[in-house]
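Input: a single structure, listed below in structure tokens.
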Amino acid sequence: MSVVTNTTTIGAIDAPSRRNTELMMMVFAIAISVFAYANVGLAMDGSLPSGMFGYGAGLILLGGVAHLVVRKFAPYSDPLLLPLATLLNGLGLVLIWRLDQSPRLIQRAEYLYGSYSPDAPKQLLYSAIGVALFVAVLIVLKDHRILQRYTYISMAAALILLVIPMFFPAVNGAKIWISVGSFTIQPGEFAKILIAVFFSGYLMVKRDALALASRRFMGLYLPRGRDLGPIITIWALSILVLVFETDLGTSLLFFGLFVVMLYVATERTSWIVFGLLMSAAGAVGVASFEPHVQERVNAWLDPFAKSTMAQSDQIAQSLMSFGSGGTLGTGLGQGHSDLIMFAANADFILSTVGEELGLAGMMAVLLIYGLIVERGVRTALAARDPFGKLLAIGLSGAFAIQVFVVAGGVMGLIPLSGMTMPFLAYGGSSVLANWALIAILIRISDTARRPAPAPAPTSDAEMTQVVRP
Amino acid sequence: MNKPLRRIAIFCGVLIFALLARTNYLQYVKADELNTRDENRRVRIERYAHERGDIIVDGGKAVTGSTETKDSDFKYKRVWQDGPMWAPVTGYSSQAFDASQIEKIEDGILTGNDDQLFFDRTKSLFTGDKKQGGNVVTTLNSAAQKAAFTGLGNKKGAVAALDPQTGAILALASTPSYDPSTFAGNSDKDSKAWQALQKDKDKPMLNRALRETYPPGSTFKIVTAAAALENGLYTDIDAKTKSPVPFRLPQTSQDLPNEGSIQCENVSLREALRISCNTVFGKISDDLGNQKMIDQADKFGFNKDVFTPVRATASIYPKDVPPQNAMAGIGQASNRATPLQMAMVASAVANDGKLMQPYMVANRQSPSLDNIYTHEPEQLSQPLSGENAQKLQEMMKTVVESGTGSNAKIPGVTVGGKTGTAQHGLGNSENPYAWFISYAKTDSGSPVAVAVVVEDSEATRDDISGGGLAAPIAKKVMQAVIDSKK
């Protein structure tokens, strides 16, 4: 008999924490970002940028704090999530700073607003707040299962967040903003996490009812009406969001999220069929009478058509950005992705990656996103409680869908919808929400990978010793 | 729950894979197509990202340049020295309004993108030199150009001067002119300047030397005389012709009048040209008939476009009924000619009957100033025999020595010429055009032939005559060429 007595079948004994791996990866992520920053400066002005020290120091500080907090509060968590997020955030800052230098965008801002203020410092501030939120989540949320208690509160909060923008004026055709003074937030980003929490809680309780209490009809299992109720409600809501806020991306994201989580919870393929049918019905219905959506679809079908170009040449410009990047790209700071003008550093930031880092850079960035999703799915697989499993797959599924919808939109693979590339794009709400998302995933993975505590020695144990003959 | 989780993992993988496939498709498969689209501003940004090559005159002097712009993503814009004077030669090159003439035709050389410059581009790829455009060396003579431009002054008109022995264009002026520098960029100011030029009633952007056709008037009598000699209608220029006064236009009851009270009945060819008899040449044209006149005009270059390499509009000797044909023989009716065409007529006579292909690009140079193209003079046709050419030279000499073209006399130089006053407008109501074509001749052949047209509606009608308005300008141009050869 060894010294360690383990009577559970769960978890590995003395799992390596991998915190040093994480530290190495963090160093790597920050070094790449700082080099990229130097690269932009050298390409655009021929000298190292003056803010390089401050930028590097800021990134090291943020990354360092995040790492130390993970080391202290989530020692067994996944070692890749934090460095990957840091790398994307750092690269995003470099790209935003690079676009800040664009004479075209400066001219445009001065023409439209009479003044120009760079976005990179603001984004650095948002990143700092984002990391602070990350730290706060890790410290406050000792166990992700606590979130289960807030299932219905989450739903209420998410609904409120989603509905509020209807009462604010549309910005560039989409009502997805709440603006208070000069402060604007995009509530959809936060709603995404809240909805995932609600669904995890709801489905964990109802999954058996949904999966089993059903009638068979034409080879499909039709669930009971009372179980289906909330699902129909959410479907209707996402359609409403689409109609009233003309926000294609958010409704697509939510609906995808619901389908994914329902399928995972019930293990019934029929949910996917339902989901697809419902989303198809919703999309066709809305597209047939909502001009904003029609425009998007037309722009997607023929981005170079005269009528499309007259309205907005963003997609065309974005495609040409990707084209001119070619295999290796023009080099940071040497492209003309700023020709996209509006939202060049937000929704369309990927075009700058495409043009200046080329196909190689695009593949790398997409693979980084792919890795984050993969680590999230792994966390879901490793999680030992159904709530954690559902939450992890919900969050990483939402992340994957968001990446696909945004990247697919700017690359002309699917119609464009207004959402931001997580971490890369300029925008406070997006950075904050995604740091929180990563924090929750790290928390779940920490719980999942944490070795089970050694069972307390009991006197019973002695009593039940096998008696040797 | 793990089975659906794995399926969702595959689904997420498919999403990422779709993005990877799409980016490969866009950036590898479609890259070329996207990069060459008209909508792609990068093409133009690249085009203006480096200095354009120069257009050179006098074998070494640049009349163009490039200047850096601050307010645009097009880094360099074109500037011209003496823009209005050289505009008919260079054309324009604007960031907003494209380009014309040499700037357009030789664009590949000037931007450095031409295939002929492939090795230069490859070389600079390795040496890291800044990309540069090549130069276009023209045949233009700045002294002659200046004489032509200042000679025209504020009158409307055009001058074309050729070297008869090679066909090299020495001067090409058109007034009123424009300064291409005013709209070379793409700012609002440039756009306003362009709009103003487009709306200008005087059409300053019209290249009158190459693109405007005028009735050539009496200067066309040179062609008619050449046709008479070539077809053997008359052989001796001093023998009496069979030409009555008045000469009745065939098939009509109308007489072809002479100017004033000049004595034209049965005069010799030399005398007829000296005093510019309409009756004599109208009758020659009628005697030869429309087809022979067309054939002779064609040999001088009429009825087809001339490429110098800038295109010059085709001059027209029309297919016509006999009365109109007789009128066309004295340069009226539907007979139209560009100044360049009439300079070609004078140059063929001066060059003993050989008409050389007019050209203005002598060399093209790579950015490293190596010649990558040199023009070889090339004969276009032989409108008349050497013998007949000399007879015509005699006649044209008489015009200047003791006839209507005496204003073109240059001391110590043999000058031959012909005046013209072309009627135009409905019922000849508008002020006529003043023409003068001439050549100078020295011991080593003829260095210059020139055509001048002045369409001045300001002058009073009686003052307008080829000898009075146009001949002095031609004289200055010829003088400038001769002086620069010394």
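Values in this document were obtained by computation on a predicted structure and should not be read as measured data.
Your options are A:H336, A:R207, A:Q107, and the one with the most heavy-atom pairs under 4.5 Å with chain B is A:H336. Residue with the most contacts toward chain B among A:A316, A:G354, A:G397, A:G335: A:G354 (heavy-atom pairs, distance under 4.5 Å). Contacts with chain B were tallied for A:G326, A:G370, A:P103, A:G408; A:G326 has the most, counting heavy-atom pairs under 4.5 Å. Per-residue heavy-atom pair counts under 4.5 Å with chain B were compared for A:S396, A:G412, A:G376, A:G329, and the maximum is reached by A:G412.
Proximity to chain B (any heavy atom under 4.5 Å) is restricted, for A:V373, to the side chain, taken from C-beta onward. Contact of B:A18 with chain A is made through backbone and side chain together, with heavy-atom distances under 4.5 Å. With a 4.5 angstrom heavy-atom cutoff, A:R378 does not touch chain B via any of its atoms. With a threshold of 4.5 angstrom between heavy atoms, A:S321 approaches chain B through its backbone and through its side chain. In this structure, the portion of A:L390 lying under 4.5 Å from any heavy atom of chain B is its side chain and not its backbone.
The distance from the CG atom of B:L5 to the NZ atom of A:K389 is 5.5 Å, given to the nearest 0.5 Å. Summarising the geometry, atom CG belonging to B:N24 is positioned 4.5 Å from atom CG belonging to A:L359; distances are rounded to the nearest 0.5 Å.
The stretch residues 28-40 of chain B places B:Y28, B:A31, B:L34, B:N35, B:R37, B:E39, B:N40 near chain A, each with some heavy atom under 4.5 Å from a heavy atom of that chain. Along residues 92-118 of chain B, no residue comes nearer than 4.5 angstrom to chain A, judged on non-hydrogen atoms.
A distance-only check finds a donor-acceptor pair linking the side chain of B:R22 to the backbone of A:M411 [under 3.5 Å].
Under the 4.5 Å side-chain criterion, counting only non-hydrogen atoms from C-beta, B:R6 is in contact with A:L381. Two residues are said to be in side-chain contact when any heavy atoms from C-beta on lie closer than 4.5 Å; A:V403 and B:L15 fail this criterion.
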